[in-house]
Amino acid sequence: MLEFLSQPWPWYIGGPLIGLAVPLLLLAGNKSLGISSSLRHICASCFPAGIEFFKYDWRKESWNLFYVGGILIGGFVGGVLLANPGEMVINPQTIADLQALGLNDFSGLGPAEILNWSEIFTLRTIVFVVFGGFLVGFGTRYAGGCTSGHTIFGLSTLQWPSLVATISFMVGGFLCTHFLLPILLAL
Amino acid sequence: MKNIKYLLFGVLFGVVLTKSEVISWWRIQEMFRFHSFHMYGVIGSAVVVGIISVWILKKTHAKSIEGEELTFGVKKFDKGNIIGGLIFGIGWGITGACPGPLLALVGSGLTIMILATISAIAGTWVYGLLREKLPH
């Protein structure tokens, strides 16, 4: 069983299980799936700084902080306890494209040449980790949600603003991959 | 104590994100380069299952286990859906992670993503600060 679970899960197992998070949270306590909201609750609870956007009763949303805390633990369970025994299989065309952009190490979950503490004082790593992370937090809140709140929950409840947001996420990602990454990877 | 169940659900969600490899930078690159169906399959099937589940919940007038009427959190449209969406998309392309995977990556041992998570909190804070000045 453990051996079975530790293999990478195909999309038709992972996807439906992600989708089931929507009814699970609704039935368990009338909660809407949404992960980026937790970032707002952290701001509201730790650094409200008198900002209007952070003046609300975040304690009512504390379930969300437990949920994201669980995701962190889930990463440990899935990534360490149930670690994939083999190397991750990456599409050869993707590898070729990224090699052309200067990446050489395709062993981990992401590029070890960039996402690595030993590179923390290089401009490239600062851009990929700090600047990239900033855009994720700023953009998701500005958009009113992320891939979970808009793409999974919003589309599941047939809300068209979530479709607009999802298309925007994808367009941003395409533009970034094809026009921005070649510049950033050369830093 | 009533929040413990959400911690448990979060663990399950984190395991699924990790084992289906959607937290991987490479999988996100495959998606944005149209080199693999994997991410489209994950997101697409998640949405289909979500739509069917919500349809059943509405059809059967299901209530939560605490007996509450279900509400489906209305998403209002504003320009932020587009502008913020594009900004997030760029960040997604750079870090290879949306907020859930950021945390799962930290848990799975890519601890440098703690910095990306802190930056994401900072990004949210700056949005809160500038909110009135941004087009919506």
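In this text the structure is predicted, and so the values were computed from the model without any measurement. Chain letters run A, B, ... following the sequence lines, proteins first and then strands; every chain starts at 1.
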Enquirer: Are the side chain of A:H150 and the backbone of A:Q159 linked by a donor-acceptor contact shorter than 3.5 Å?
Expert: no

Enquirer: Measure distances from A:I51 to the heavy atoms of chain B and classify the residue's part below 4.5 Å as side chain, backbone, both or neither.
Expert: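 It is the side chain, since no backbone atom gets that close.
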
Enquirer: Which region of B:R33, side chain (C-beta onward) or backbone (N, CA, C, O), has a non-hydrogen atom less than 4.5 Å from a non-hydrogen atom of chain A, or is it both or neither?
Expert: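 The answer is both parts of B:R33.
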
Enquirer: Between A:N64 and chain B, with a heavy-atom cut-off of 4.5 Å, which part of the residue counts as in contact: side chain, backbone, both or neither?
Expert: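 Neither the backbone nor the side chain of A:N64 comes within 4.5 Å of chain B.
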
Enquirer: When only pairs under 4.5 Å are counted, which of B:T111, B:I23, B:T117 shares the most heavy-atom pairs with chain A?
Expert: B:T111

Enquirer: Side chain, backbone, both or neither: which part of B:T18 has an atom under 4.5 Å from a heavy atom of chain A?
Expert: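 The side chain, not the backbone.
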
Enquirer: Tell me, for B:M31 versus chain A, whether the close heavy atoms (under 4.5 Å) come from the side chain, the backbone, both or neither.
Expert: both

Enquirer: Answer whether the closest heavy-atom distance between the side chains of A:V68 and A:H41 falls below 4.5 Å.
Expert: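 No, too far: nothing below the 4.5 Å cut-off.
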
Enquirer: Do A:L181 and B:Q29 make a side-chain contact, defined as non-hydrogen atoms from C-beta onward lying under 4.5 Å apart?
Expert: yes

Enquirer: Between A:Y67 and B:Y6, is the ring centre distance below 6.0 Å?
Expert: no

Enquirer: Between A:F174 and B:F34 (judged by ring centroids, cut-off 6.0 Å), do the two rings come close enough to count as a pair?
Expert: yes

Enquirer: Is it the case that one hydrophobic cluster holds both B:V15 and A:L2, taking links as side-chain heavy atoms less than 4.5 Å apart, direct or via other members?
Expert: yes

Enquirer: Whether B:K58 engages the ring of B:F72 as a cation-pi pair (distance to the six-membered ring centre under 6.0 angstrom, angle to the ring normal within 45°) should be assessed.
Expert: yes

Enquirer: Name the region of A:P111, side chain, backbone, both or neither, that has any atom closer than 4.5 Å to a heavy atom of chain B.
Expert: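 Both parts, backbone and side chain.
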
Enquirer: At what distance, to the nearest 0.5 angstrom, does OH of A:Y142 lie from CG of B:L134?
Expert: 4.5 Å

Enquirer: Check whether A:E119 gets within reach of chain B through its side chain, its backbone, both or neither, counting any heavy atom under 4.5 Å.
Expert: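 No part of it gets close to chain B.
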
Enquirer: With no hydrogens and no angle check, do the side chains of A:N30 and B:T71 hold a donor and an acceptor under 3.5 Å apart?
Expert: yes

Enquirer: Taking B:F77, B:W26, B:F88, B:F37 one by one, which has the highest count of heavy-atom pairs under 4.5 Å against chain A?
Expert: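 The answer is B:W26.
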
Enquirer: Pick one of side chain, backbone, both or neither for B:I82, based on which atoms fall under 4.5 Å of a heavy atom in chain A.
Expert: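 Both the backbone and the side chain of B:I82 come within 4.5 Å of chain A.
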
Enquirer: So, B:R27 and B:S36: side-chain donor and acceptor under 3.5 Å apart, yes or no?
Expert: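 There is no such pair (donor and acceptor under 3.5 Å, judged by atom type) between the side chains of B:R27 and B:S36.
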
Enquirer: Is A:A83 close to chain B through its backbone or its side chain, or both, or neither, when contacts mean heavy atoms under 4.5 Å?
Expert: backbone

Enquirer: Let me know if B:L70 has heavy atoms under 4.5 Å from chain A in its side chain, its backbone, both or neither.
Expert: both

Enquirer: Within a reach of under 6.0 Å around CD of A:E3, are more than 12 heavy atoms found that belong to other residues, nucleotides or ligands?
Expert: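 Atom CD in A:E3 is not crowded, with 12 or fewer foreign heavy atoms closer than 6.0 Å.
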
Enquirer: Taking every heavy-atom pair that is under 4.5 Å apart, which of B:D78, B:V74, B:L110, B:L105 has the most such pairs with chain A?
Expert: B:V74

Enquirer: With rounding to the nearest 0.5 Å, note down the distance linking CG in B:L102 to CG in B:L115.
Expert: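 Going from the CG atom of B:L102 to the CG atom of B:L115 covers 11.0 Å.
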
Enquirer: Given the options B:P101, B:G44, B:S45, which has more heavy-atom pairs under 4.5 Å with chain A than any of the others?
Expert: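 Greatest number of close heavy-atom pairs with chain A: B:S45.
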
Enquirer: Of the backbone (N, CA, C, O) and the side chain (C-beta and beyond), which part of A:L26 lies under 4.5 Å from a heavy atom of chain B, both, or neither?
Expert: both

Enquirer: If we define contacts as heavy-atom pairs under 4.5 Å, which of B:L17, B:L103, B:I112 has the most with chain A?
Expert: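 Ranked by heavy-atom pairs under 4.5 Å with chain A, first place is B:I112.
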
Enquirer: Where on B:K75 is there a heavy atom nearer than 4.5 Å to chain A: the side chain, the backbone, both, or neither?
Expert: both

Enquirer: Go through B:E69 and B:K63 one step at a time and tell me if the salt bridge (Lys or Arg N to Asp or Glu O under 4.0 Å) criterion holds.
Expert: CA-CA 5 Å; B:E69 291 281 347; B:K63 291 192 167 73; 3.7 Å; yes

Enquirer: Chain B heavy atoms under 4.5 Å from A:F106: which part of the residue, side chain, backbone, both or neither?
Expert: both

Enquirer: Given heavy-atom pairs under 4.5 angstrom as the criterion, report whether the side chain, backbone, both or neither of A:T147 touches chain B.
Expert: both

Enquirer: Taking C-beta and beyond as the side chain, do A:P10 and B:H38 meet within less than 4.5 Å on heavy atoms?
Expert: no

Enquirer: Under a 4.5 Å heavy-atom cut-off, does chain A meet the side chain of B:K2, its backbone, both or neither?
Expert: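 For B:K2, there is no contact with chain A at all, as no heavy atom is under 4.5 Å.
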
Enquirer: So do B:M39 and B:V22 actually touch side chain to side chain, heavy atoms under 4.5 Å?
Expert: yes

Enquirer: Side chain, backbone, both or neither: which part of B:V48 has a heavy atom under 4.5 Å from chain A?
Expert: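 Neither part.
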
Enquirer: Less than 4.5 Å to any heavy atom of chain A: does that hold for the side chain of B:E30, its backbone, both, or neither?
Expert: both

Enquirer: Find the one option among B:G91, B:G89, B:G100 whose heavy-atom pairs under 4.5 Å with chain A are most numerous.
Expert: B:G89

Enquirer: Any chance CH2 of B:W55 has more than 12 other-residue heavy atoms, nucleotides or ligands included, within less than 6.0 Å?
Expert: no

Enquirer: Is there any residue in residues 54-63 of chain A with a non-hydrogen atom under 4.5 Å from a non-hydrogen atom of chain B, and which ones are they?
Expert: A:F54, A:S62, A:W63

Enquirer: Taking the side chain as every heavy atom from C-beta outward, state whether A:L103 and A:E113 have any atom pair closer than 4.5 Å.
Expert: yes

